[in-house]
Protein chains: 2
Amino acid sequence: MAIKNKTRYAILGVLSLMSGSGYDIKKFCDKTIAHFWNENFGHIYPVLAQLEEEGLISKAASSKDERRKEYSITAKGREEFCKWMMEPIEFQPARSELLLKVSFGSNIPKERVIEMIKLVKQRYESRLEEYRAMEESFLKNKKESEKPESVYWIAPLRYGIIATEAAIKWCEETISRLNG
Amino acid sequence: MAIKNKTRYAILGVLSLMSGSGYDIKKFCDKTIAHFWNENFGHIYPVLAQLEEEGLISKAASSKDERRKEYSITAKGREEFCKWMMEPIEFQPARSELLLKVSFGSNIPKERVIEMIKLVKQRYESRLEEYRAMEESFLKNKKESEKPESVYWIAPLRYGIIATEAAIKWCEETISRLNG
DNA sequence: ACGTACATGTAAATGGTTACATGATTGA
DNA sequence: TCAATCATGTAACCATTTACATGTACGT
């Protein structure tokens with residue numbers, strides 16, 4: 001078997017919106033869903049080959065570039081993808097290095113823990129700025145944002161914003177708790 | 001080599017607070033850090049053997065139970081652990097099945113997406129209740145909560161509460177956006 | 001007698017990242 | 001001519017989970 005689950009569906013999802021090469025899929029991921037989903041070539045290409053073998057996607061050689069392979073989702077693939085979409089979401093057990101380190105904070109000077117959280121806060125803040133810029137540019141682009149499907153793109157972005165704001169709030173609270 | 005990083009430090013962290021068997025370590029994890037860090041026996045035992053080989057922990061046979069092995073952290077282990085504690089936190093690339101599904105929501109009826117998010121919201125709500133109960137019982141236990149180290153236990157719990165509240169807020173916002 | 005908790009471990013499967021290998025095309 | 005981008009793929013490694021295997025101790 002090798003290589004399964006998750007990446008399969010990410011790829012099928014991308015191909016449900018557009019046809020393209022492995023390279024295109026990677027580009028699309030980086031551009032749109034990167035902040036909550038990452039894919040790498042080492043994973044994409046073998047999964048593409050596997051999906052094609054299963055008949056969930058079909059391959060066509062590009063007329064322009066010999067090497068380039070253009071993939072499209074098949075009816076069977078769309079069916080399989082929708083089946084997965086309907087299934088309840090599996091809660092994955094989280095592993096947070098940040099919280100693990102905070103838990104064992106008594107092993108190092110309190111000032112170092114504060115420093116650590118300040119650094120994390122900075123990273124959250126710059127991330128938040130990015131998200132806000134993305135939101136703004138999306139809303140400015142009326143052609144995109146007035147489409148009925150736009151809600152499916154804005155919602156994950158909103159998640160990023162809301163979750164990051166909360167994380168920053170926690171940093172502030174924790175720093176003041178450590179100081180006080 | 002095999003088996004490395006992360007679990008090593010989780011185990012060293014637990015042993016920095018108490019000595020005990022692999023079984024004890026698992027119990028401790030389940031009781032205290034389970035909501036952001038999980039460990040399983042299949043991982044703990046091989047890592048314990050490895051840490052002992054490296055001289056980061058030491059083993060003593062229990063007087064009561066032949067099988068039971070009691071591990072303690074060594075000076076070298078404490079040093080290694082503190083070194084890791086001082087290192088900046090690596091941001092791990094997240095993979096959110098929820099956001100992936102929302103992104104590709106246009107493939108299924110809108111009502112199903114709403115249903116999906118309602119289900120997720122319910123799970124977040126029951127989780128939030130758990131966290132709040134944990135917080136309350138911790139604050140009631142004056143002996144524990146008045147220790148200076150208590151901040152390191154309350155902070156991760158606060159993170160759980162704040163982050164979950166934010167997630168619920170997002171669910172509500174998204175549901176109303178989908179309805180409106 | 002039965003179930004639960006205590007206790008330790010191995011093997012296999014799964015999932016994911018990084019490094020390596022190769023080479024064409026396009027634009028500055 | 002040099003860098004960036006396009007393009008595909010394999011191999012190795014690392015990390016984690018699940019299933020299997022085994023058995024004792026203690027309370028009801």
Side-chain angles (χ1 to χ4, degrees), chain A residues 1-11 14 18-31 33-34 36-53 57 59-71 84 90-97 100, chain B residues 1-12 14 19-31 33-34 36-53 57 59-71 84 90-97 100:
Chain A
M1 276 290 115
I3 301 137
K4 249 195 175 178
N5 232 349
K6 300 295 156 76
T7 294
R8 292 167 70 77
Y9 298 108
I11 290 177
V14 174
M18 60 167 220
S19 295
S21 65
Y23 198 87
D24 293 335
I25 291 168
K26 173 79 163 76
K27 249 200 326 188
F28 183 89
C29 289
D30 289 348
K31 217 174 47 191
I33 59 175
F36 59 87
W37 199 271
N38 65 304
E39 284 300 344
N40 49 284
F41 288 125
H43 221 162
I44 289 173
Y45 287 116
V47 173
L48 277 172
Q50 201 190 306
L51 289 172
E52 203 218 338
E53 209 188 321
I57 61 176
K59 179 167 67 181
S62 169
S63 50
K64 288 176 188 170
D65 191 333
E66 287 272 319
R67 292 165 310 155
R68 188 183 154 89
K69 292 167 189 172
E70 196 134 345
Y71 291 97
W84 173 75
E90 291 170 46
F91 255 78
Q92 65 247 62
R95 283 195 142 193
S96 163
E97 191 185 326
L100 190 68
Chain B
M1 274 292 114
I3 302 140
K4 250 194 173 178
N5 234 348
K6 302 294 157 73
T7 295
R8 292 167 69 78
Y9 298 109
I11 290 177
L12 286 175
V14 174
S19 295
S21 66
Y23 197 86
D24 292 335
I25 291 168
K26 174 76 163 75
K27 248 200 327 186
F28 183 90
C29 289
D30 288 347
K31 217 174 47 190
I33 59 174
F36 59 87
W37 199 270
N38 65 305
E39 284 300 345
N40 49 285
F41 289 126
H43 218 164
I44 289 173
Y45 289 115
V47 173
L48 277 172
Q50 202 191 307
L51 289 171
E52 202 216 338
E53 209 189 321
I57 60 175
K59 180 168 65 181
S62 169
S63 49
K64 288 177 191 171
D65 191 332
E66 286 271 319
R67 292 165 310 155
R68 187 183 154 88
K69 292 167 189 174
E70 195 135 345
Y71 291 98
W84 174 75
E90 291 169 46
F91 254 79
Q92 66 247 61
R95 282 195 144 194
S96 164
E97 192 185 326
L100 190 68

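All of these numbers come straight from a predicted model, not from anything done at the bench. So that the names make sense, note that chain A is the first sequence line, chain B the second, and so on, each numbered from 1.
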B/Ile33 side, atom CD1; A/Leu100 side, atom CG - distance, nearest 0.5 Å: 5.5 Å

I need the CD-C1' distance between B/Gln50 and D/dC14, as an integer number of Å. 12 Å

Nearest-angstrom distance from the residue atom CH2 of B/Trp37 to C1' of D/dT17: 14 Å

Minimum heavy-atom distance A/Trp37-A/Ala10, with the two atoms named: NE1-CB, 3.4 Å

d(OH, A/Tyr45; C1', C/dG16) in whole Å: 17 Å

So, does B/Ser21 get its side chain near the phosphate of C/dT8, meaning an N or O under 4.0 Å from OP1 or OP2? yes

Atom CG of A/Leu48 and atom P of D/dA7: how far apart are they, to the nearest Å? 14 Å

Minimum-distance nucleotide to B/Pro46 side chain [options: C/dG16, C/dT10, D/dA7]: C/dT10

Taken to the nearest whole Å, CZ/A/Arg68 to P/D/dA7 is 5 Å

Rounded to the Å, how far apart are B/Ile25 CD1 and C/dC6 C1'? 15 Å

Side-chain N or O of B/Lys27 less than 4.0 angstrom from OP1 or OP2 on C/dC6? yes

Please state how far atom OH in A/Tyr23 lies from atom P in D/dT5, giving the value in whole angstrom units. 8 Å

Point-to-point distance, once rounded to the nearest 0.5 Å, from OG of B/Ser21 to CZ of B/Arg68: 4.0 Å

How would nucleotides 17-27 of chain C be written as a contact map, 5' to 3', with B for base contact, S for sugar-phosphate-only contact and - for no contact, using protein heavy atoms under 4.0 Å? BB----B----

Is any side-chain heavy atom of B/Lys26 closer than 4.5 Å to one of B/Asp30? yes

In whole Å, I'd like the distance from the CZ atom of A/Arg8 to the P atom of C/dG16. 13 Å

Using atom types as modelled and distance alone, determine if a side-chain donor or acceptor of B/Glu39 lies under 3.5 Å from a backbone N or O of B/Ile25. no

Contact between B/Thr7 and A/Arg95 at the side-chain level, heavy atoms closer than 4.5 Å - yes or no? yes

Determine whether A/Glu90 and A/Gln92 satisfy the following criterion, side chain to side chain contact (heavy atoms under 4.5 Å, CB included), listing intermediate values before the conclusion. CA-CA 6 Å; A/Glu90 291 170 46; A/Gln92 65 247 62; over 6 Å; no

